[in-house]
Each structure stands twice: as C-alpha cells, then as structure tokens.
Engineer: 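Here it is, the structure in full.
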Amino acid sequence: MSNKTLHNETETLLVGEAIARNLSPGIFVSLKGDLGAGKTCLARGILRGLGHTGRVKSPTYPLVEIYHFENLTVYHFDFYRIADPAEIIDAGFREVFDGSNVCIVEWADKAGEVICDPDITLSLTINSDSRTLSITSYSDIGKTCSEGIL
C-alpha cells in the first residue's frame with residue numbers, strides 16, 4: 001500500500017489523470033472514502049485523463065454514468081444507495097464486470113459478493129486541510145495501473 005497527501009482538488013484531478021494513463025479494459029477500480037472525501041473528483045480526473053471534456057457528475061442517483069471512448073467504455077458506479085446487493089444483479093450491473101470494460105465504483109463494499117474483487121482500491125481519508133490517498137493493488141492489472149502514481 002502506498003500513500004500520498006492531496007492538498008486540493010487540482011492535485012486530486014492530476015492523480016486521477018495519472019491513473020488513467022495506465023488503465024486497460026477489464027480493470028475494476030474501487031473508490032473508498034467518506035462522503036465528501038473526493039471520490040467523484042478522483043473519478044473526474046480519471047475520465048479527464050482518458051480525454052473526456054464534458055461534465056462528470058456523481059452517479060449517486062442514477063447509480064451509473066457511462067462514458068464511451070475510442071477503445072474503451074467506462075462505467076462509473078455509485079453504490080451508496082444500494083440497500084441489498086441483489087439490486088446490483090436485478091439492475092444487470094454484474095454483467096458489466098466482464099473483463100472488457102473499465103469499472104470505477106464508489107462504495108463498492110455495498111455490492112457484497114455479487115461482483116468480482118477490485119483490481120485496485122483508491123482510498124481517500126479526510127484530514128483537517130488535505131486528503132490522504134492510499135492505493136492498494138490486488139492484481140497484476142491493478143499493479144500496472146498504480147505504477148508511478150505515488
């Protein structure tokens with residue numbers, strides 16, 4: 001596990017952009033942190049790093065936002081409002097974790113065992129005047145994604 005202090009939104013976006021450089025189809029990125037920790041900001045940085053220039057909003061209410069790129073489709077999920085992991089199955093979300101898409105998931109722990117384990121977890125902890133980003137890789141694709149970030 002590696003840690004980095006992020007002092008502002010710009011630094012968070014830049015880390016997201018750096019992560020985007022190493023993304024490949026099939027990766028599952030879990031974003032952890034309390035409400036307001038910066039998970040969506042980090043996702044925005046990843047999407048900007050992939051070339052998205054439009055608005056990136058939190059998928060808290062629609063549960064998923066989908067972004068299409070030339071060689072890649074990114075599903076940005078927010079499972080905060082999931083009360084039962086079966087809701088993920090019922091919505092057809094489990095099929096998206098098929099090894100061909102990039103899945104960025106806020107509150108992935110709410111999925112229980114209905115989706116695969118993440119390749120990489122980006123955890124944000126709120127400090128008084130900054131955030132601490134911890135990166136934990138669980139697979140080879142996750143390790144590749146985190147190379148040179150911290």
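Worth knowing before you read on, the calculation uses all heavy atoms, side chains too, and leaves out hydrogens, waters and symmetry mates. Keep in mind it's a predicted model, so treat the numbers as computed, not measured.
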Engineer: Under the salt bridge (Lys or Arg N to Asp or Glu O under 4.0 Å) test, which residues partner Glu9, sequence neighbours left out?
Structural biologist: Arg44
Engineer: Are a donor atom and an acceptor atom from the side chains of Ser130 and Thr5 found within less than 3.5 Å of each other?
Structural biologist: no
Engineer: Using every non-hydrogen atom in the two residues, find where Ser58 and Pro62 come nearest and quote the distance to one decimal.
Structural biologist: O-CD, 4.4 Å
Engineer: What ring pair (Phe, Tyr, Trp, His ring centres under 6.0 Å) pairs are there with at least one residue in residues 107-126, not counting sequence neighbours?
Structural biologist: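 Output for this query lists Tyr80-Trp107.
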Engineer: Whether the side chain of Asn127 engages the backbone of Asp129 through a donor-acceptor N/O pair (distance < 3.5 Å, no angle test) should be reported.
Structural biologist: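 No, because the side chain of Asn127 does not come within donor-acceptor range (under 3.5 Å) of the backbone of Asp129.
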Engineer: Would Val102 end up clustered with Val15 when hydrophobic side chains under 4.5 Å apart are linked, directly or stepwise?
Structural biologist: yes
Engineer: Return the CD to OG1 distance between Glu65 and Thr60, rounded to the nearest 0.5 Å.
Structural biologist: 10.0 Å
Engineer: Can you tell me how far OG1 of Thr144 sits from CG of Asn22, rounded to the nearest 0.5 angstrom?
Structural biologist: 7.5 Å
Engineer: If you compare all heavy atoms of Ser30 against all heavy atoms of Ala108, which two are closest, and at what distance to 0.1 Å?
Structural biologist: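 Reported closest heavy-atom pair: OG-CB, 3.6 Å.
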Engineer: If we only count heavy atoms from C-beta on, is the Val105 to Phe97 side-chain gap below 4.5 Å?
Structural biologist: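 They are in contact (side-chain heavy atoms under 4.5 Å apart), so the answer is yes.
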Engineer: Applying side-chain hydrogen bond (donor to acceptor under 3.5 Å, both in side chains) as the test, list every pair that has at least one member in residues 90-102; sequence neighbours left out.
Structural biologist: Asp98-Ser100, Asp98-Asn101
Engineer: Among the clusters formed by ILVMFWY side chains lying less than 4.5 Å apart, do Leu14 and Leu122 turn up in the same one?
Structural biologist: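 Result: no, two separate clusters.
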Engineer: Quick check on Lys110: does its NZ atom have over 12 non-hydrogen neighbours (other residues, nucleotides or ligands) under 6.0 Å away?
Structural biologist: yes
Engineer: Give the minimum heavy-atom separation between Leu72 and Ser24, together with the two atoms involved.
Structural biologist: CD1-C, 4.3 Å
Engineer: Looking at every non-hydrogen atom in both residues, tell me the closest pair between Phe77 and Cys103 and how far apart they are.
Structural biologist: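 In terms of heavy atoms, the two residues are closest at CE1-SG, 4.3 Å.
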Engineer: Can you list every side-chain hydrogen bond (donor to acceptor under 3.5 Å, both in side chains) pair that touches residues 113-125, not counting sequence neighbours?
Structural biologist: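 Qualifying pairs: Asp119-Ser139.
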Engineer: Taking atom OG1 of Thr40 and atom NZ of Lys57, what is their separation to the nearest 0.5 Å?
Structural biologist: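 Interatomic distance, Thr40 OG1 to Lys57 NZ, rounded to 0.5 Å: 12.0 Å.
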Engineer: Counting C-beta onward and ignoring hydrogens, is there a side-chain heavy-atom pair between Val64 and His76 closer than 4.5 Å?
Structural biologist: no
Engineer: For the hydrophobic clusters of this structure (ILVMFWY residues joined by side-chain heavy atoms under 4.5 Å, transitively), does one cluster hold both Ile135 and Tyr138?
Structural biologist: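 The answer is no; the residues belong to distinct hydrophobic clusters.
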Engineer: So if I apply the side-chain contact (heavy atoms from CB on, under 4.5 Å) rule between Cys41 and each of Thr12, Val56, Thr10, Leu124, which one comes out positive?
Structural biologist: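 Of the listed residues Thr12, Val56, Thr10, Leu124, the side-chain contact (heavy atoms from CB on, under 4.5 Å) partner of Cys41 is Thr12.
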Engineer: What's the spacing between Leu31 CG and Ile104 CD1 if we round to 0.5 Å?
Structural biologist: 6.5 Å
Engineer: Does any N or O in the side chain of Arg81 come within less than 3.5 Å of the main-chain N or O of Leu63, such that one atom is a donor and the other an acceptor?
Structural biologist: no
Engineer: At their closest point, which heavy atom of Ser134 faces which heavy atom of Asn3, and how far apart are they?
Structural biologist: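 Nearest heavy atoms, Ser134 then Asn3: OG-OD1, 2.5 Å.
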Engineer: What about Ile27 and Ile66, same hydrophobic cluster or not, with Ile/Leu/Val/Met/Phe/Trp/Tyr joined at side-chain heavy-atom distances under 4.5 Å?
Structural biologist: no
Engineer: Do the side chain of Asn8 and the main chain of Glu11 share a donor and acceptor less than 3.5 angstrom apart?
Structural biologist: yes
Engineer: Evaluate the side-chain proximity of Ile120 to Thr136: yes if any heavy-atom separation is below 4.5 Å, no if none is.
Structural biologist: no
Engineer: I need the His68 NE2 to Thr73 OG1 distance, nearest 0.5 Å.
Structural biologist: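 One gets 5.5 Å once the value is rounded to the nearest 0.5 Å.
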Engineer: Quick check: is Val74 connected to Leu42 through a chain of hydrophobic side chains (ILVMFWY, heavy atoms under 4.5 Å apart)?
Structural biologist: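 Yes, Leu42 connects to Val74 through the hydrophobic network.
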Engineer: Show the nearest heavy-atom pair for residues Leu35 and Ile126, with the distance to one decimal.
Structural biologist: O-CD1, 3.9 Å
Engineer: First locate atom NZ of Lys39, then atom CG of Asp78, and finally report the distance between them rounded to the nearest 0.5 Å.
Structural biologist: 7.5 Å
Engineer: Under 4.5 Å between any side-chain heavy atoms of Cys145 and Ile19, yes or no?
Structural biologist: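 The answer is yes; the side chains approach within 4.5 Å.
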Engineer: Which residue pairs satisfy the ring pair (Phe, Tyr, Trp, His ring centres under 6.0 Å) criterion with at least one member in residues 40-60, sequence neighbours excluded?
Structural biologist: His52-Tyr67
Engineer: Could you check Phe69 against Leu47 for side-chain contact (heavy atoms from CB on, under 4.5 Å), going step by step and ending with a plain yes or no?
Structural biologist: CA-CA 10 Å; Phe69 300 94; Leu47 290 162; 4.0 Å; yes
Engineer: Could I get the full list of side-chain contact (heavy atoms from CB on, under 4.5 Å) partners for Ala18, not counting sequence neighbours?
Structural biologist: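 Scan of Ala18 (side-chain contact (heavy atoms from CB on, under 4.5 Å), adjacent residues dropped) gives Arg21, Ile149.
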